Amino acid sequence: MTSEKKDIRALSKEELRDFFVSIGDKAFRGNQVYEWLWSKGSHSFEDMTNISKETRAHLKSSFAINHIKVDNFQKSDDGTIKNAVKLFDDLVVESVLIPTKSRTTACVSSQVGCSLDCKFCATARLKRMRNLNPDEIYDQVVCIHKESLLYHNRPLSNIVFMGMGEPLMNYKNVLLSIEKITSDEGLGMSPKRITVSTSGVPKMIKKLADDEVKFNLAVSLHSAIQETREQIMPFAKSFVLDDLRESLEYWYDKTNRVITYEYIVWDGINDQEVDIKALVKFCKYVPCKVNLIEYNPIDDGEFQQANNTAIDMYIEYLEANRIPVTVRRSRGKDIDAACGQLANKQ
Ligand code: SAH
């Protein structure tokens with residue numbers, strides 16, 4: 001149901017304190033309500049038993065407590081879980097829990113649909129409908145954290161912003177959600193366990209560096225040749241590789257943190273020696289590692305994963321140049337939960 005009232009979870013602690021002062025109450029009442037909303041995860045004003053009945057009624061008439069609801073839950077044979085979550089306005093996004101031997105990772109969405117137009121990604125076909133609010137991102141993480149305890153008997157260990165959307169096109173809300181995830185009132189998680197993945201928006205990468213963020217950065221590179229990158233990621237015409245490179249140098253200068261390049265090798269697109277040499281050259285600008293991602297076909301076969309010979313050649317060249325490289329296998333393919341497959345099929 002669409003709520004007309006203002007979402008109380010959109011307010012900071014300071015704003016809540018100010019609200020109580022403005023209605024002639026004590027500022028600390030704001031702390032109490034904040035604790036109910038965040039530390040205790042309350043979804044109803046009725047729960048707030050240390051607040052008077054009158055005040056609760058006042059809150060109820062002024063605010064809504066928006067929260068997500070799991071609309072569809074799917075569990076893969078490999079333990080991967082996908083949640084389709086309904087937002088307060090009935091739009092739906094997806095988030096995924098990926099368990100491995102040593103980690104449980106939450107893959108969360110930052111937008112409904114996506115602002116960008118990567119040709120190989122299912123989410124790109126949805127177009128961007130709206131940005132998620134900080135609490136909508138935070139709720140996805142909490143939900144997966146609970147599922148991790150329930151189904152895998154361990155807490156969440158890592159978070160990647162690799163679900164639907166381009167996180168750096170929803171910059172403010174993504175950063176606010178991370179603030180909440182890492183705060184003691186939220187999940188108290190270390191930012192070192194969080195990775196924000198971007199298609200590469202140079203201006204915003206510089207802003208991350210200026211804002212001295214403490215989380216990790218991954219860039220979906222997929223080609224280090226301008227013309228090829230434009231073909232598969234058309235927005236790259238505006239966000240050119242030279243600017244991307246400069247922004248990454250800036251990031252490293254300021255943060256001293258290694259960048260991860262995500263890279264898919266496709267048949268007939270970037271499987272030649274010139275592609276590999278261009279990648280190796282690009283990798284020398286800034287300390288980095290390369291994550292070769294398995295391609296998850298999304299439809300008509302326009303894109304196909306290159307054969308193992310091409311992938312082995314990539315690994316050989318990268319290793320010869322002492323660039324750390326890992327190959328990432330897809331998880332949860334049977335439930336369309338793998339990278340690039342999130343498209344609200346339900
Ligand atoms: N917009 C951000 C985060 C979302 S996409 C970004 O581009 O990084 C998360 C990752 O999935 C990106 O590396 C993206 O390139 C990759 N991806 C997209 N479609 C894919 C597909 N069909 N198969 C495998 N990976 C895909």
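In this text, all values refer to a predicted model and were calculated from it rather than measured experimentally. Whatever order the structure lists them in is the order used to number ligands and atoms, beginning at 1. Basis for what follows: all heavy atoms, side chains included, without hydrogens, waters or symmetry-related copies.
- Interface of E262 with ligand 1, defined as ligand atoms under 4.0 Å from a residue heavy atom, comprises 10 (C), 12 (C), 13 (O).
- Closest to atom 7 (O) of ligand 1, if we only count protein heavy atoms, is S199 OG, 2.8 Å.
- Among protein heavy atoms, atom 19 (N) of ligand 1 sits closest to G340 CA, 3.1 Å.
- Residue M162 touches ligand 1 through backbone and side chain together, judged by heavy-atom distances below 4.0 Å.
- Counted by atom type alone, Y317 and N321 present zero donor-acceptor pairs between their side chains at under 3.5 Å.
- For N270 (side chain) and W266 (main-chain N/O), a donor-acceptor pair under 3.5 Å exists by modelled atom type.
- In I264, the part holding a heavy atom less than 4.0 Å from any atom of ligand 1 is the side chain.
- Interatomic distance, M313 CE to D271 CG, rounded to the nearest 0.5 Å: 7.5 Å.
- Under a 4.0 angstrom heavy-atom cut-off, E294 registers as being in contact with ligand 1.
- Of all the atoms in ligand 1, the ones that sit under 4.0 Å from a non-hydrogen atom of F161 are 3 (C).
- Among residues two or more places apart in sequence or in another chain, the side-chain contact (heavy atoms from CB on, under 4.5 Å) test is passed with L149 by H145, P155.
- Residue, atom and distance of the protein heavy atom nearest to atom 11 (O) of ligand 1 are C339 SG, 3.5 Å.
- Counting atoms of ligand 1 from 1 in the listed order, those under 4.0 Å from a heavy atom of C121 are 18 (C), 19 (N).
- Note on ring orientation: taking the six-membered ring where Trp is involved, the planes of H43 and H67 are parallel (angle under 30°, cut-offs 30° and 60°).
- When non-hydrogen atoms are compared, ligand 1 lies under 4.0 Å from the backbone of F120 as well as from its side chain.
- Judged by the 6.0 Å and 45° rule, K13 forms a cation-pi pair with Y34.
- Nearest protein neighbour of atom 12 (C) of ligand 1, counting heavy atoms only, is S220 OG, 3.1 Å.
- Atom 23 (N) of ligand 1 has its closest protein heavy atom at N296 N, 3.0 Å.
- You'll find the side chain of I137 stays beyond 4.5 Å of the side chain of I178, heavy atoms only.
- Applying the ring pair (Phe, Tyr, Trp, His ring centres under 6.0 Å) test to residues at least two apart or on different chains, none of the pairs has a partner in residues 163-217.
- Closest to atom 15 (O) of ligand 1 among all protein heavy atoms lies H222 NE2, 2.6 Å.
- Judged by the shortest distance from any of its heavy atoms, G165 lies inside the 4.0 Å radius around the atoms of ligand 1.
- When only non-hydrogen protein atoms are considered, atom 2 (C) of ligand 1 lies nearest to S197 O, 3.3 Å.
- Here the rule is side-chain hydrogen bond (donor to acceptor under 3.5 Å, both in side chains) with N83, and of Q140, E147, E94, K69 only E147 fits it.
- Between the side chain of N307 and the backbone N or O of T309, at least one donor-acceptor pair lies under 3.5 Å.
- Atom 4 (C) of ligand 1 has as its closest protein heavy atom G163 O, 3.2 Å.
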